[in-house]
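In this text the structure is predicted, and so the values were computed from the model without any measurement.
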Amino acid sequence: MDTETENKTQGVASKTMRIKGCEAVVRSLIAEGVDILYGYPGGAIMPVYDELYKFQNEIHHVLTRHEQGAAHAAQGYARISGKVGVAMATSGPGATNLITGIADAQIDSTPVVCITGQVFSHLLGSDAFQETDIVGISTPVTKWNCQVTKASEIPGVIAKAFYIAKSGRPGPVLIDITKDAQQGELDYEYEPCKGVRSYVPIPKTNPDAVKAAADLINAAKKPMIVWGQGVILGKAEEELKAVIEKAGIPSAWTILGASAIPTSHPLNIGMVGMHGNYAPNKLTNECDVLIAIGMRFDDRVTGKLDVYAKQAKVIHFDIDPAEIDKNVKTDVAVIGDSKDSLAQLLPLLNVNTHESWLQEFKDLYAIEFEKVIKHDLTPTKEGLTMGEVLKQINIETKGNAAIVSDVGQHQMITCRYADFNITKSNITSGGLGTMGFALPAAIGAKMGAPDREVVAIIGDGGYQMNIQELGTIFQQKVPVKIVVLNNEFLGMVRQWQQLFFDKRYASTEMTNPDFVTIAKGYYIQGKRVTKREELADAVKEMIASEESYFLEVCVEKEDNVFPMVPTGASVSDVRLS
């Protein structure tokens, strides 16, 4: 029964309600603005689900077909909307099935709050049915986690969880709630969290560091920018564009940084990394000033560290002090929010063009075009390439779609050839490289941005890791477009086996089912393309559909993705064949 009490400690009148912990969970989520969450019910979380049933007009629960699907869907929702994604599961296997998605969110800095049910507190440590120490398991892959054993703790913990997940460098948080905490009563009152002692989410930018960075950039003859997802997370796209254009700096991006600046921008020189573009990889070791913005110098970007950009002065803009000097020694570190830091940098920069330096990138691009790009996009051989599928999708979506890719050859082809005109358009598993990510993440992305076209690009291997989420698409009527590029191989592993293991294709060839029939079993219309002359009309039909649509494109079985920086090699050793 609801009661009103006077909050004496605050010195103001405050309305509280006497409710159960399970209702407090749902009311707290609503108070945080959550309107969609993804999950799978079970015994230890059943009281919360009972409350969700009562509040279904205020908060929409999406029943995924697997808890991993719930975590990835929450990621997709967060990545495209900029809000916190929410996933929920029961104890034991329900909770452990979330871990891959949580780990993925941690390394890709995605704000997700996961709520798990737990056995009664008096049973903790007794090996009770479906008891697992999910707090211990998740500690290495969460930004913060907490176990709740009392109903009175629920509002404060949830408020803290949302604050930590979305503030500063975002990340996943897990809350484990015992069943007795869900069933117990409390005087409910919700107060959003505005700070946590000793936690400084956004360090204050040092103006002297910004000035030192500007001085290096102004004196540079061959400056180069590499930006990452920190620009998108910091909503600093316009500030980055202004810096690039004023100083005339050739600028490349990491996989997760893609779409912050339109693909067609004249100073956008392409992607760095193992399968990045030839010019930015090669010229990383020739620039005199390397400006890293919101990126962490991942090994797939740097290649062999002891020969990476040794000739350059390195400027590193990042919100997380832990990233400074972690992999690459920095000459100037600008710690702080990227939007604020770049805004401070802009007026200190000289107007420049660096035309001769930019021409070096154009010359190397011409080489890559002749040796790689032309053959990917306008092939002369009979079989279809992944690149020409992306080219056709670009034509039909005009580069305005959000592309959700899985992990493998198709992911690299997507990042290389998709046109990105709008920020938050490239949603993929970057740091963890999780096969099975794309299908559930595309569900979350479409629900997070229902007015945007969302196209999932998936390989035949990764597709089958979470193929059951077709059931979620059907039940929720999510009009996502699914493209499976089928080469009947685990393509990326096969490429390595071809190049480095004398073509010993150990356990990489796939004998696949009839994907179109499976889609139709979930009442999703579908089509299979095997010939070039069928491709354009099939893609056009898919994009024009107002409902979900499945398109399987059978591509060359043994095509490889180039350029390629072999493992342990320098970025200067990037291969074109």
Side-chain angles (χ1 to χ4, degrees), residues 32-33 75 78-85 105-113 141-146 156-174 191-214 225-243 253-254 256-257 260-261 291-298 314-328 330 332-349 423-424 430-431:
E32 286 290 344
Q75 286 180 272
R79 291 271 288 274
I80 203 167
S81 69
K83 300 177 182 178
V84 177
Q106 172 78 344
I107 201 165
D108 283 355
S109 302
T110 305
V112 173
V113 169
V141 292
T142 49
K143 189 176 177 184
W144 180 68
N145 65 14
C146 182
V157 168
I158 289 179
K160 185 177 179 180
F162 273 82
Y163 175 75
I164 290 174
K166 66 188 176 184
S167 60
R169 181 179 182 176
V173 170
L174 181 133
E191 195 72 40
C193 181
K194 296 179 181 178
V196 176
R197 189 177 64 182
S198 79
Y199 169 52
V200 183
I202 303 177
K204 188 175 181 180
T205 301
N206 182 347
D208 292 337
V210 178
K211 176 65 166 58
I225 285 174
V226 178
W227 84 79
Q229 190 187 200
V231 171
I232 296 171
L233 295 173
K235 301 178 182 178
E237 294 92 340
E238 288 304 314
E239 287 76 11
L240 174 64
K241 184 168 176 281
V243 164
W253 37 273
T254 68
L256 294 183
I261 301 294
I291 306 118
I293 305 172
M295 55 86 77
R296 56 190 177 85
F297 289 113
D298 174 77
V314 177
I315 303 168
H316 195 172
F317 288 79
D318 209 283
I319 197 170
D320 187 354
E323 292 298 339
I324 305 301
D325 295 334
K326 186 177 81 174
N327 295 322
V328 173
T330 300
V332 176
V334 183
I335 302 170
D337 175 70
S338 58
K339 189 178 185 71
D340 176 55
S341 299
L342 293 177
Q344 291 187 43
L345 177 70
L346 183 62
L348 303 178
L349 295 178
T423 189
K424 298 187 180 76

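- Contact record, Val314 with Phe297: CG1-CZ, 4.1 Å, taken as the closest heavy-atom pair.
- Contacts of Lys241 classified as side-chain hydrogen bond (donor to acceptor under 3.5 Å, both in side chains), with partners at least two apart in sequence or in another chain: Glu245.
- To the nearest 0.5 Å, atom OG1 of residue Thr423 and atom CD of residue Glu238 are 9.5 Å apart.
- Side-chain contact between Pro172 and Val141: absent, with no pair of heavy atoms (C-beta onward) separated by less than 4.5 Å.
- Residues Ile225 and Ile293 are in side-chain contact: their nearest non-hydrogen atoms beyond the backbone lie under 4.5 Å apart.
- Residues Ala260 and Val231 approach most closely at CB-CG1, 4.0 Å, considering heavy atoms.
- Between Ala165 and Val113, the closest heavy-atom pair is CB-CG2, 4.0 Å.
- The closest side-chain heavy-atom distance from Ile202 to Ser167 is not below 4.5 Å.
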Review point. Do Val243 and Leu345 pass the side-chain contact (heavy atoms from CB on, under 4.5 Å) test, and can you show the C-alpha distance, the side-chain angles, and the key distance before you say yes or no?
Key: CA-CA 8 Å; Val243 164; Leu345 177 70; 4.1 Å; yes

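- Counting heavy atoms from C-beta outward, Pro203 and Ile319 have side chains that approach closer than 4.5 Å.
- At a threshold of 4.5 Å between non-hydrogen side-chain atoms, the residues Leu346 and Leu348 do not count as touching.
- Taking the six-membered ring where tryptophan is involved, the planes of Trp227 and Trp253 are tilted, since the angle between them lies from 30° to 60°.
- Rounding to the nearest 0.5 angstrom, the gap separating the CD atom in Gln106 from the CG atom in Leu174 is 12.0 Å.
- Ile158 has its side chain out of reach of Tyr163: every pair of non-hydrogen atoms, C-beta onward, lies at least 4.5 Å apart.
- A salt bridge links Glu32 to Lys166: at least one charged side-chain nitrogen sits closer than 4.0 Å to a carboxylate oxygen.
- Considering OG1 of Thr330 and CD1 of Ile324, their distance stands at 5.0 Å, rounded to 0.5 Å.
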| message | For a salt bridge (Lys or Arg N to Asp or Glu O under 4.0 Å) check, start with the C-alpha distance between Arg296 and Glu323, then their side-chain angles and the critical distance, and finish with the verdict. | response | CA-CA 6 Å; Arg296 56 190 177 85; Glu323 292 298 339; 5.7 Å; no

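- Counting all heavy atoms, side chain and backbone alike, Asp108 lies closest to Gly431 at OD1-N, 2.8 Å.
- The number of heavy-atom neighbours closer than 6.0 Å to NZ of Lys326, taken from other residues, nucleotides and ligands shown, is above 12.
- With hydrogens and angles ignored, the 3.5 Å screen pairs a side-chain donor or acceptor of His316 with a backbone N or O of Met295.
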task: May I have the step-by-step check of salt bridge (Lys or Arg N to Asp or Glu O under 4.0 Å) for Lys160 and Glu191, ending in yes or no?
output: CA-CA 10 Å; Lys160 185 177 179 180; Glu191 195 72 40; over 6 Å; no

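- Annotation: the span from Ile335 atom CD1 to Lys204 atom NZ amounts to 14.5 Å, rounded to 0.5 Å.
- In plain terms, the two heavy atoms of Ser341 and Val210 that are nearest each other are O-CG1, 4.4 Å.
- For Lys143, the salt bridge (charged side-chain N to carboxylate O under 4.0 Å, His left out) criterion is met by no residue, not counting sequence neighbours.
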### Query
Between Phe317 and Thr205, is a side-chain contact (heavy atoms from CB on, under 4.5 Å) present by the stated rule, with each step listed?
CA-CA 10 Å; Phe317 288 79; Thr205 301; over 6 Å; no

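- Once rounded to the nearest 0.5 Å, the distance linking CD of Gln229 with CZ of Arg169 reads 9.5 Å.
- Put simply, the side chain of Ile291 does not reach to within 4.5 Å of the side chain of Val226, judged on heavy atoms.
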| message | Could you go through Lys424 and Ile232, starting from their C-alpha distance and side-chain angles, then the distance that decides it, and tell me whether this counts as side-chain contact (heavy atoms from CB on, under 4.5 Å)? | response | CA-CA 7 Å; Lys424 298 187 180 76; Ile232 296 171; 3.8 Å; yes

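- Here the closest non-hydrogen pair linking Ala213 and Val334 is CB-CG2, 4.1 Å.
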